[in-house]
Amino acid sequence: MERVLLFGGSGILGTEVLRMLQNEKIDYVAPRSSDLDIRSKNQVTDFARDFKPTWIINCAAWTNVDGAEDSFNEACELNEVAVENIAFAAKGIECKIVHVSTDYVFDGESETPYIEDSMVNPINRYGESKLRGEKSLMAAYPGSFVVRTSWLYGVNGKNFVKTIVGKALRDEPARVVDDQVGSPTSAKDLAAGIISIIRIQPAPGIYNFSNEGSCSWFELAIAIYESVGADPQLVEAIDSNSLNLKAKRPKFSLLNKDKWKVAQLSPVPEWRSSLESVLPEIVTELKQLGEV
Ligand SMILES: NC(=O)c1ccc[n+]([C@@H]2O[C@H](COP(=O)([O-])OP(=O)(O)OC[C@H]3O[C@@H](n4cnc5c(N)ncnc54)[C@H](OP(=O)(O)O)[C@@H]3O)[C@@H](O)[C@H]2O)c1
């Protein structure tokens, strides 16, 4: 019988993982950050020793990409040190780990989708902190799983898709970059993927997962406006430089999912079909929040 300790259960991805654990009737516990701070080695070790999970799923992270430029140490506390704490705790009780990482470990200069062994070279400090976490985990506990994903969105938490749905439903204009290409990832699909790792237990290591297909952020915004019946002419294409963001973003983020498919993990739906299936729930959520 699997027993899962979930960190980050209140985030975009974590809420969907939590929902899947409930649906699959997997025994789990998901302490809130106010109850368990994963930056504390003692707290993580004590909790894990008491609960005795067979798996730890880590969806907790510092995800403020621009904020990491000025607060690199704080970002590393969560994206590197906390991951080391989790590895230490898991090793002590021989439990397995699924840790989530990012396409931002790559520099975006490739012209073909990144495979798991592609050369890493982060171009911002968030990416650097996440890469440090991956490396620390694999060095400390090589039997672990790292799932790299990109452009994550979901019903919960602040994310691009939700922001654009709000603008579309309010008939507001949106200025969106068209010089970054990647693949959106539905948190529901990735959550199903993480559960499939637990069920199937493929060879440990790094796996890529995003939805299938590719688009720019601009094309994604257009698809959202069209899907909710708003006027796509309200979406204006701009280039990344005009946003003056603190952190540089990779211009190409596509991840190759062949390793995932060969391991016969969960299905990899096309991004448009996943978007269509999640949009009604996002609209309902925005209505409940009073934002539309
Ligand atoms: N968002 C994206 O576009 C994207 C893209 C690629 C990869 N990823 C990766 O995907 C994973 C999930 O990201 P997400 O967007 O779902 O994250 P998120 O929505 O920002 O959620 C972060 C989670 O971390 C928890 N957390 C923060 N500090 C903590 C602490 N000290 N102790 C314990 N928990 C703490 C938060 O809890 P509280 O709510 O209590 O603060 C929250 O549940 C991350 O590894 C991220 O790097 C994200």
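Start at 1 with the first residue, then count along the sequence. Order of listing sets the numbers, starting from 1, for every ligand and every atom in it.
Counting the atoms of ligand 1 from 1 in the order shown, those under 4.0 Å from a heavy atom of L36 are 32 (N), 33 (C). In summary, the atoms of ligand 1 found under 4.0 Å from a heavy atom of T149, numbered by their order in the structure, are 6 (C), 7 (C). Close approach of ligand 1 to D37 is summarised as follows: ligand atoms under 4.0 Å from at least one heavy atom of the residue are 30 (C), 31 (N), 32 (N). Ligand-side atoms of ligand 1 in range of A61: 22 (C), 24 (O), 44 (C), 45 (O), 47 (O), range being under 4.0 angstrom from any heavy atom. Atom numbering of ligand 1 starts at 1 in the shown order; those under 4.0 Å from a heavy atom of S10 are 36 (C), 37 (O), 38 (P), 39 (O), 40 (O), 42 (C), 43 (O). Residue L78 approaches ligand 1 through these ligand atoms, each under 4.0 Å from one of its heavy atoms: 27 (C), 28 (N), 29 (C), 30 (C), 31 (N). Numbered from 1 in the order shown, with element, the atoms of ligand 1 that lie under 4.0 Å from a heavy atom of S33 read 29 (C), 30 (C), 32 (N), 33 (C), 34 (N), 35 (C), 37 (O), 38 (P), 40 (O), 41 (O). Taking every non-hydrogen atom of K130 and a distance limit under 4.0 Å, the qualifying atoms of ligand 1 come out as 44 (C), 45 (O), 46 (C), 47 (O).
Summarising the local packing, NZ of K259 is surrounded by more than 12 heavy atoms from other residues, nucleotides or ligands at distances under 6.0 Å. With a 6.0 Å radius and a threshold of 12 heavy atoms from other residues, nucleotides or ligands, K261 has its NZ atom above the threshold. With a 6.0 Å radius and a threshold of 12 heavy atoms from other residues, nucleotides or ligands, Q264 has its CD atom at or below the threshold. Within 6.0 Å of atom CZ in R32, 12 or fewer heavy atoms from other residues, nucleotides or ligands are found, so the atom counts as exposed in its surroundings.
Within the structure, the closest approach of R39 to ligand 1 falls below 4.0 Å when heavy atoms are considered. Contact annotation: Y126 has at least one heavy atom less than 4.0 Å from an atom of ligand 1. Contact analysis puts C59 in contact with ligand 1, with a non-hydrogen atom separation below 4.0 angstrom.
The aromatic ring centres of Y153 and W271 sit 6.0 Å or more apart.
The backbone and the side chain of L13 each have at least one atom closer than 4.0 Å to an atom of ligand 1 (non-hydrogen atoms only). When non-hydrogen atoms are compared, ligand 1 lies under 4.0 Å from the backbone of S101 (N, CA, C, O) but not from its side chain.
Of all protein heavy atoms, the one closest to atom 21 (O) of ligand 1 is G11 CA, 3.4 Å. Residue, atom and distance of the protein heavy atom nearest to atom 17 (O) of ligand 1 are T63 CG2, 3.5 Å. Looking at atom 32 (N) of ligand 1, its nearest protein heavy atom turns out to be I38 N, 3.1 Å. What sits closest to atom 19 (O) of ligand 1 on the protein, heavy atoms only, is I12 N, 2.9 Å. Residue, atom and distance of the protein heavy atom nearest to atom 9 (C) of ligand 1 are V100 CG1, 3.9 Å.
When each of S274, S210, S277, S273 is tested with D189 by the rule side-chain hydrogen bond (donor to acceptor under 3.5 Å, both in side chains), just one qualifies, namely S274.
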Original post:
Could you walk me through whether S253 and D103 pass the side chain to side chain donor-acceptor pair (under 3.5 Å) check?
Top reply: CA-CA 6 Å; S253 271; D103 55 321; 2.6 Å; yes
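Note on R175 versus E236: salt bridge recorded, some NZ/NE/NH1/NH2 to OD/OE distance being below 4.0 Å. A salt bridge is defined here as a Lys NZ or Arg NE, NH1 or NH2 lying under 4.0 Å from an Asp or Glu carboxylate O, and E24 with R199 meets this definition.
Considering backbone and side-chain N/O atoms, L152 comes within less than 3.5 Å of an N/O atom of ligand 1.
Here the shortest heavy-atom distance to atom 24 (O) of ligand 1, taken over P31, G154, A60, belongs to A60.
Ring geometry for W260 against Y207 counts as perpendicular: the plane angle is over 60°, on a 0 to 90° scale with 30° as the lower cut.
At a cut-off of 3.5 Å, with distance as the only test, no side-chain donor of S129 or E80 sits close to an acceptor on the other residue.
Remark: K41 is positioned above the aromatic ring of F88, its terminal NZ or CZ atom under 6.0 angstrom from the ring centre and at most 45 degrees off the axis.
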